[in-house]
Amino acid sequence: MSDLPPYPPLDPTTYDLIIVGTGVPSPILAAAASSSGSSSVLHLDPNPFYGSHSASLSLPDLTSFLHSNSLSPPSPPPPSDTPDFLSVDLATRSLYSSVEIATFDSSILDERHSRKFNVDLCGPRVLFCADESINLMLRSGSNNYVEFKSVDASFVGDSSGELRSVPDSRAAIFKDKSLGLMEKKQLMKFFKLVQAHLAASSTERDEGVVKIAEEDMESPFVEFLAKMPLPPKIKSIILYGIAMVDYDQDNVEACGDLLKTKEGIARLALYITSIGRFSNALGALIYPIYGQGELPQAFCRRAAVKGCIYVLRMPITALLLDKASESVVVETGGYKGVRLATGQEIFSQKLILDPCITVGSESMSTLTDQQKETLRVLVPKSISSEGKIARGICIIRGSVKADISNALVVYPPKSLFPEQLAAIRVLQLGSGLAVCPADMHVLYFSTVCENDDQGKAALLSAMSTLIKPQVPENLQSDSAVENDTAEAAKPVVLWRALYVQAMVKGEFGGSISSAASPDGNLNYNEMVESAVKLYEQLMGSEELFKEETSLDNTTEEENDGGVEIEA
Amino acid sequence: MLTLVYSTSSLPGRQRLSLSLSLSLSRCYVTLAGDLSNQKFESHTLAYLTFVSYHRRNMHGRPRKAYKPEEEAASAAKAAKLRGLQSQFMANHHNKIYTKEAVDLSTKLLEINPEAYTAWNYRKLAVEDKLSRIESDPDLVKTILDEELRVVESALKQNFKSYGAWHHRKWVLSKGHSSVGNELRLLDQFQKLDTRNFHAWNYRRFVVELTKRSEQDELEYTDDMIGSDFSNYSAWHNRSVLLSSLLARKADGFLPNKKIPDEYKLVQNAIFTDEDDQSGWFYHLWLLDQTVNVETPLLTSSWPSHGSRISLYAGCSNGSFSKLTTFGSESGSFPLVLYFDQAVGGVSSSTVTIDSELKGNEDLVWEPVSKKNSQVSCVWVARLKYISSEPCFGKEYKVKVRVGNSPGIVSSRGFNFSASYEFVFTAHVHDTVEESSQEGIVSWTDGFDIWDAESKDLNALATLDRSNAQMDSKWRQEAIAEEIDLFRELPDSKIGKLTLARLLMAKAMISDDAVKGVHYNEILELYKDLMALDSSHYQYYKDEHSVALLRKVTSSTEDLSGHLFRCRNMNNSVCLRLNNLSLSRIASVEKLLFVQMLDLSHNELHSTEGLEAMQLLSCLNLSRNRIRSFSALDSLRHLKQLRVLDVSHNHIGEHSVDTTRYLCSSPLSNSEWPQDEVGSQMPSLATKYWDAYFVLRDLNLKQLDITGNVIAGDEFSSFVLQVVPKLVWLDGKKLEI
């Protein structure tokens, strides 16, 4: 960092919007605001890479990012003697706790491997083909900068180590080996009901079409499934393998998110419409080549094309507020701008900050009420207690399922051990996605949790089910041989990271807003939703990327894969 | 690699492609029709035309949209351009110009309109022309043929359902061009785009044969195709073709008792995953057929049956020999009937040998009981003489019949009758020659004795068992039993009920007598349900119900004896009463070969088809059925003993337009016609009642009842008298002779 030449001062120094941090959803906001044509946007990131918390990094970079509290300014900034503004010092806090990184095979950190890894910070994460995030990419034109591949298979696992494929389509139900014939019939009947319901809802005609009753829509989804009647095995597949629910739906008291039928059907609809949306995508799920970090980058590039100014390695150190002045009553305590690590002061109407930026508590004490009101989204207490996500990354040699490279595995609640509160999701990705060297796979684990220990214990349980435990070499003799062959066929872990990430919801605070942190979901939908909402609040109910549609897409429709036949 | 692209609709690519395809098809139609007269391969052209009209009507359930004005204009411009090309091309074709420019023109035409058959044929001529010029330089030949393949490929991209293009490709390959490896790759692409496209499947079979690719590999390919989407008739069909072939030649591991159960498992998955999809059900039906039917023909029954005793008279008699089947005939011969489970040919005095003291039967003539000129039939009959020149009355003769002694009996599907079978019966020839005094009217109400159920007569009369047990019936029984258990779980669907009924019927056919009755009641219930549920297929269910009912009646001696009587006035003839059962179809005739009088009155029969096997039948009551014409009685012409026929109160003559008239060759073109006596005597009546004429002139009736039909009347009566001169009783009145 210090070797790099100092930045020339930024010019211009006044913008409509400054965004700090390039993690999703910020780049969407940057691209949307830039594309609207009426806003000038400055997008800053203290890190030397795009993506912040949703970046894909090499193993050393990932390690240092998790350990550091993000990159803080190298030296304290020169004290502010601006007469016109009150400077409020900012503090960064890490979203990550209990970070635990272990290397079992040091060759993995060799120079020859190091650049072949693109490991996600916010994994496991995929996109559904029918996701709103895909629609946004298409509407914004940022799809030109990313390429995707299908996730080949998805499974539901249990403590026995067996992985059963999720019968998510007609063909999959037909081919499934573990379902009985009557179960197949029931499951397909249920899918047909859902499809008929969706078709009926979309046409808005009530000509005696089979539709799910209104009163059922408000009842818990799990009760509706039982009413269908679907056996527990299939219920579990639908809830956790397709609707991607986190908490145990059968345990109403402990359940963090009891799903209503309406929401359940909406999630199934997303899954169903995802299958076959793109003719060359196999299933419902796709993953960007080179990692999730490609997504924020794609939006950033789109924003840059539309005039947004990007500066990486540029932390901000302080906020500039109106000085409390007796004479000016109206704008007292209002936000004016930020001070960069270079000391330069930049001004804007509005500011969106990375979720890890807070106001130091010592600065708070001196502020007036109005100033506190301006800064309210940055007060640390509002960041806490929104839940945590335990995440794990394993680099393995071999695959959790023979002949399959990219796959999703879900362990429903209680499937691994009786106290397992929430579903654990595992995503295996291979070198075909350019995320790791050819003979390896990257496994991502996540589960929502109440505290760090609980979350990490759950992830370790899933890891031991899928991966051969690392036995110290001196014990690796007779006892290992006695292990069954299934154990021997399991992949070997080379590198492992475990960490717990705090969840921060995005918040609109007038002139200063805070962007959301990555959440515990498998896709970006909630983050995108928060971005859309924040954008509406910032810009006054203006639609995202409304103008973009027609221009870029006419050409693309022709190369819509699929139809073409090549000799 | 998947690149995200914007798509306004969720239409998969294939649908969009076929939409544009339909446009090009309907627009090219007019221009093509203009040059039909120049076609060389007319049959293909016709096929294409049918295909077009089919395709235009039936766009796989998508409604046709009206064209927008700009689309109309664009297609008009396209048509004009096409017409220009077409006329230039036709000029080249007529003048036999095969220059590069001329051939390129045809390429251009075909790329726009792959259906231009004349252009494909022109190219064939051009290729022949080019090939004849070059002195078999392999490189040059390859270049020429490669160019043809390229043109076909781009034409197929325009319309991959083009008959002309696929045909041209086959033609090129038949020229010995050896790029067949590429063909499978190309096919894989086409079949991925449209998995059911029968052109591609058809061509695939052609290529597979050419490359000698193994059937096992192809079977695996159908696995993949069915796995990715099991609603694929083409794939299931190809699978059945491949399996049939592999099973027939007993390829490695392909034994029916192993493979067929596996196939059931596969198709069960399809049926239970989506019971509304028909393709699986079709395959299931095929499997059931494979399970039930044995390829090699078997002898089902015979008359006289094994171990039976028959009484023979000269002439008709009214003696009382209640324990025996009595049989009298003016001709001094009795029929020997063989009933096979499928149509066979080659029954002759060399394949069926008779060992008997009855003289004069050395060279028996075996005749198939079937439509004229057909040499295959389930039923074969020969007439054994029992009155020879020397008197031999009052004696008992043993007759030993060996069927299939020497090879030659072959089923219509080409399988040999292999299990030779022998049966023996005793013929008691009586010396009392009674004059044929039986000239009284035959009544269907009086003079019948109830069958003595306790007597064991019936066992000797009717072969109620299949003569030949199936060799490997165990796996078949197991497979069907498993299916039955499974389909009892699908009670709420029509096709489920129908399949269950078919399975139960199959089970009854291949299981022991003891358990049969149970199934029949269930089958009858199922068909009754189906008749109520699915009125559009009522007649089919009704027919199947009739078949099941008749199977039930004939399944055991107890059931059958309830319907049997002896007719005192008719020499104690065996009379079977199947009246009032609402039968719409005749079945199980093989169990009833001994019946001499048959009462089928008060049923719903449309035809007598099936009765032709009952060679002993002398009296038949069909009154109050649904016979609509004499053509429906055609099968009775085979019954040489038939003397009494009651067809009163049917619908004969009700329908002025007889549809069967258009199915058979015109009676007026029949060469026999002018020579015929009656025909020449009263040509107008013969023309009017030709269907009655053709049936009645072959029957030797003494008693006929025709009242209650539209056709009945003085005119018809007089016609009948001419055609059937031996008739004694007409409509219950004795005729004055």
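Scope of the values below: all heavy atoms of this structure, side chains included, with no hydrogens, waters or symmetry mates. Letters A, B, ... mirror the listed sequences (proteins, then strands); counts begin at 1.
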J.: Please state whether the side chain, the backbone, both or neither of Lys189(A) comes within less than 4.5 Å of a heavy atom of chain B.
T.: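 Nothing of Lys189(A), per the 4.5 Å heavy-atom cut-off to chain B.
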J.: For the ring pair Tyr283(B) and His237(B), is the centre-to-centre distance below 6.0 Å?
T.: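 No, ring centres 6.0 Å or more apart.
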J.: Would you say the ring centroid of Tyr203(B) lies under 6.0 angstrom from that of His167(B)?
T.: no
J.: Out of Gln186(A), Lys185(A), Glu183(A), which one racks up the most heavy-atom pairs below 4.5 Å with chain B?
T.: Lys185(A)
J.: Please confirm whether Arg204(B) makes a cation-pi placement over Phe198(B), using NZ or CZ under 6.0 Å from the six-membered ring centre and within 45° of the ring normal.
T.: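 That pair does not qualify as a cation-pi contact.
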J.: In terms of the angle between their ring planes, are His284(B) and Tyr264(B) parallel, tilted or perpendicular, with boundaries placed at 30° and 60°?
T.: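 Rings of His284(B) and Tyr264(B): perpendicular, over 60°.
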J.: Counting only heavy atoms closer than 4.5 Å, note whether Ile226(B) contacts chain A via side chain, backbone, both or neither.
T.: both
